[in-house]
Amino acid sequence: MGSFIGQRARRLASALTRLTGRFVRRFGLPIAFVLTGLLGGLGYSLFTPTTYTATAFVLVVDEGENGQTGPAAVSFAQAFGRLAPLPETLGYSSIPLPEIAPGTTREHIQASTSPDTPLIRLTGSGGSPGDAAAFANTAADALVRYGTSHRADTGVRVALMSLAATPASPSSPNLPLNLAVGTASGILLAGLSAAVMSGRRGRGAHNTPRPRTPEPAPTPAAPAAPAAPAAEAGP
């Protein structure tokens, strides 16, 4: 009884081993790609420095006739947006910048404008909530003061629309987003690898020579019938 159970157990283990080997040979590479993408997204989330962002808004007003906004405000808003991260413009601010390495202001202050509205969006990024808000508010205050000092030359007024609030949570890294992106990349690579392997198997099966069917042996010809004896001539 014990030997019978042992034989059944060995057979079952052997069958499981064969099935596992087939599964690994067929799906091992796609699964490895998916796991690599997932772990890559997790590693990026764990080892990327935390970054906070805050946003302030500045409005450019062209005081035309009857106090209506003129079209020049949009053009000046785009020009002021390009000047906002420059150290020469930031020097007009009464709010001190956080301590940063020289020449890295563009890494912490980004300005964006709209082609339709004279609104400037100033985004500050930093390693702490206070630094992020300070970068944005410094840029906004500097732009207002810079615009005011050049108002006689430009004919437009730069007004502060809203200061940046201290962010409550970091903007990056985003763990769910990074995991989703990493997993999606792994799935894409797995699909491509499966398609390539399937194409190779198809070409291999197509190029395999087929066994030739032996041709039937020729049928031997029937022997010729003997010729009839010639009739003897008469006397």
Whether [X] side chain and [Y] backbone form a donor-acceptor pair below 3.5 Å:
{"X": "T117", "Y": "S114", "answer": "no"}
{"X": "N137", "Y": "A164", "answer": "yes"}
{"X": "T53", "Y": "S171", "answer": "no"}
{"X": "T113", "Y": "A77", "answer": "no"}
{"X": "H108", "Y": "G126", "answer": "no"}
{"X": "T105", "Y": "P87", "answer": "no"}

Would you name the heavy atoms of [X] and [Y] that are closest together and state the gap between them?
{"X": "A140", "Y": "A56", "result": "CB-CB, 3.9 Å"}
{"X": "R106", "Y": "L86", "result": "NH2-CD2, 3.1 Å"}
{"X": "A142", "Y": "T89", "result": "CB-O, 3.3 Å"}
{"X": "G81", "Y": "P85", "result": "O-CD, 3.6 Å"}
{"X": "P98", "Y": "A134", "result": "CG-CB, 3.8 Å"}

Cluster overlap L39 with L188, hydrophobic side-chain contacts below 4.5 Å: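 As far as the 4.5 Å side-chain criterion goes, L188 and L39 are not connected within one cluster.
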Same cluster (ILVMFWY, side-chain, under 4.5 Å), F80 and Y92: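 F80 and Y92: one cluster.
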Is the closest side-chain heavy-atom distance between [X] and [Y] below 4.5 Å?
{"X": "L122", "Y": "F57", "value": "no"}
{"X": "F135", "Y": "S125", "value": "no"}
{"X": "Y146", "Y": "V158", "value": "no"}
{"X": "Q78", "Y": "P115", "value": "yes"}
{"X": "D153", "Y": "H150", "value": "yes"}
{"X": "I109", "Y": "L90", "value": "yes"}
{"X": "V58", "Y": "M161", "value": "no"}
{"X": "Y52", "Y": "D131", "value": "no"}

Listed partners of D141 passing salt bridge (Lys or Arg N to Asp or Glu O under 4.0 Å), at least two apart: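 Checked D141 against salt bridge (Lys or Arg N to Asp or Glu O under 4.0 Å); matches are R145.
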Enter the distance from L59:CG to I120:CD1 here, rounded to the nearest 0.5 Å.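 Between L59 CG and I120 CD1, I get 8.5 Å after rounding to 0.5 Å.
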